[in-house]
Amino acid sequence: MSKIKICKKLEKVTVKIALFSGDQLKNTGTGVVVRNDGVILTANHVISDFKKISNPKIIIITKDKKDKVLHLEYVPVLHNVSFDVNMPQLLTPLEIDLAILKPKQKTNFEFKYIEMNDDIALVGQDVLMDGFPDELKLPLDAEDGFNFNNQELSEKREEIKQSLKFFMALRMAKSGMIGATHKININGNFNSKEIEVEGASYWIDNASTFGASGGSVVDDEGKLIGIMCQKALTKLPPYAGMKIPSGSTMALSHKLITWGMHLCD
């Protein structure tokens, strides 16, 4: 499949995600629709504070089949997941920086969704990444576009800036190559259920910045092989203290979380 066709496909399945505490924007990221009922995969760190903040709300921006922009509320189905894995060198559980979200209420239409490739990607394989990176912005600055000398506007200054950041986000696709693949085997217990999964972490030789976290990594057939999770390298075990190699992105195989898709039913 050509890159142009893949990018058109990704445009219909990539969504912007925002975590709110009441009306206050706490964090933003990207997600990808993986089922026709609107189930989404994203990076866990995008919504990991959901249960730690007051009046939490997850809003996604997407479009229906008529290209009408929709703002839908979502809830976490599976997030903040960690396992004790059979790796003696790890002193702490392996935290999986992936999460599953579903619509809070059922919708009256079917979502476009991406197919998944369950094979582990090989070094040298070409991929495309898609998300809403913070580096890409419209030439519109709240400081220039609003008269904050007005007291009423001044009081809403941060709220206006946050709204612009969320509602005017721009998508960007990037091409890359799998430069390294590290297999991750999970053999543990989760909520009294035995989980056995063979997944992987991928190092891709092109960088995508914050905001694109949770976005898709797809193969040359336009099928999902992983989710971008670059922020995890500086924050979550077992990567604490490590640095992201210059010009690269780390992604995790969707298989490390899709074993829990049945919880969406």
Side-chain angles (χ1 to χ4, degrees), residues 1 3 6-7 10 13-17 27-32 41-48 81-82 85 87 89-90 92 94-99 114 116-137 169-186 197-258:
M1 186 181 296
K3 289 183 179 180
I6 293 175
C7 288
L10 291 173
V13 301
T14 303
V15 300
K16 180 71 175 177
I17 299 176
N27 199 21
T28 62
T30 303
V32 58
L41 297 185
T42 187
N44 183 70
H45 68 258
V46 174
I47 54 92
S48 59
V81 176
S82 63
V85 294
M87 295 177 66
Q89 63 270 36
L90 289 184
T92 58
L94 176 66
E95 297 190 28
I96 307 299
D97 190 25
L98 297 171
I114 196 165
M116 292 182 278
N117 183 347
D118 286 340
D119 295 333
I120 292 178
L122 303 176
V123 174
Q125 183 171 330
D126 289 329
V127 296
L128 283 178
M129 302 177 285
D130 192 64
F132 293 89
D134 291 345
E135 63 191 327
L136 194 64
K137 298 179 181 179
L170 301 175
R171 283 179 50 255
M172 185 172 185
K174 291 188 175 184
S175 61
M177 182 190 77
I178 302 292
T181 295
H182 299 119
K183 289 186 179 181
I184 299 175
N185 296 317
I186 293 176
V197 176
E198 184 181 78
S201 61
Y202 303 121
W203 297 82
I204 302 164
D205 70 337
N206 195 351
S208 195
T209 61
F210 298 140
S213 293
S216 58
V217 179
V218 300
D219 61 19
D220 57 8
E221 295 181 350
K223 293 184 179 180
L224 185 73
I225 63 170
I227 299 293
M228 287 186 277
C229 300
Q230 66 169 14
K231 190 176 179 182
L233 290 178
T234 57
K235 192 173 182 180
L236 300 178
Y239 306 103
M242 293 179 64
K243 302 296 184 182
I244 304 171
S246 176
S248 72
T249 295
M250 192 277 282
L252 291 176
S253 166
H254 63 80
K255 291 181 65 177
L256 296 174
I257 197 73
T258 46

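One is the number of the first residue; the rest follow in order along the sequence.
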(message) Which residues pass the side chain to side chain donor-acceptor pair (under 3.5 Å) test with K255, not counting sequence neighbours?
(response)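 With sequence neighbours excluded, K255 shows a side chain to side chain donor-acceptor pair (under 3.5 Å) to no residue whatsoever.
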(request) State which residues pass side chain to side chain donor-acceptor pair (under 3.5 Å) with T14; sequence neighbours excluded, sorted by chain then number. (result)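 Here the qualifying residues are D130.
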(request) Kindly indicate whether the side chain of I257, heavy atoms from C-beta on, has any atom under 4.5 Å from the side chain of N44. (result)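 No; the side chains remain at least 4.5 Å from each other.
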(message) Could you check whether any side-chain heavy atom of R171 comes within less than 4.5 Å of a side-chain heavy atom of L10, counting everything from C-beta outward?
(response)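 They are in contact (side-chain heavy atoms under 4.5 Å apart), so the answer is yes.
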(request) Please list, chain by chain and in numerical order, all residues satisfying side chain to side chain contact (heavy atoms under 4.5 Å, CB included) with A212, sequence neighbours excluded. (result)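 Expected list: P133, S208, M228.
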(request) Identify, with sequence neighbours excluded, every residue that meets side chain to side chain contact (heavy atoms under 4.5 Å, CB included) alongside N206. (result)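 N206 satisfies side chain to side chain contact (heavy atoms under 4.5 Å, CB included) with M129, K174 once adjacent residues are dropped.
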Could you tell me whether a side-chain N or O of [X] sits under 3.5 Å from a main-chain N or O of [Y], the two making a donor and an acceptor?
X	Y	answer
T30	G211	yes
D97	H45	yes
D205	G176	no

Indicate every side-chain donor-acceptor pair of residues 116-123 with a distance under 3.5 Å to a residue at least two apart or in another chain.
{"from": "N117", "atom 1": "OD1", "to": "D119", "atom 2": "N", "distance (Å)": "2.9"}
{"from": "N117", "atom 1": "ND2", "to": "D219", "atom 2": "OD2", "distance (Å)": "3.0"}

(request) Looking only at non-hydrogen atoms, find the nearest pair between I6 and G222 and report the distance. (result)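 Residues I6 and G222, closest heavy atoms: CD1-N, 3.8 Å.
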(request) Can you measure from CG (L41) to CD1 (I227) and round to the nearest 0.5 angstrom? (result)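 CD1 of I227 is found 5.0 Å from CG of L41.
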(message) Apply side-chain contact (heavy atoms from CB on, under 4.5 Å) to residues V13 and L224 and explain how you reach the verdict.
(response) CA-CA 11 Å; V13 301; L224 185 73; over 6 Å; no
(request) In sequence, state the C-alpha distance, the side-chain angles, and the governing distance for I204 and I178, and then conclude on side-chain contact (heavy atoms from CB on, under 4.5 Å). (result) CA-CA 5 Å; I204 302 164; I178 302 292; 4.0 Å; yes
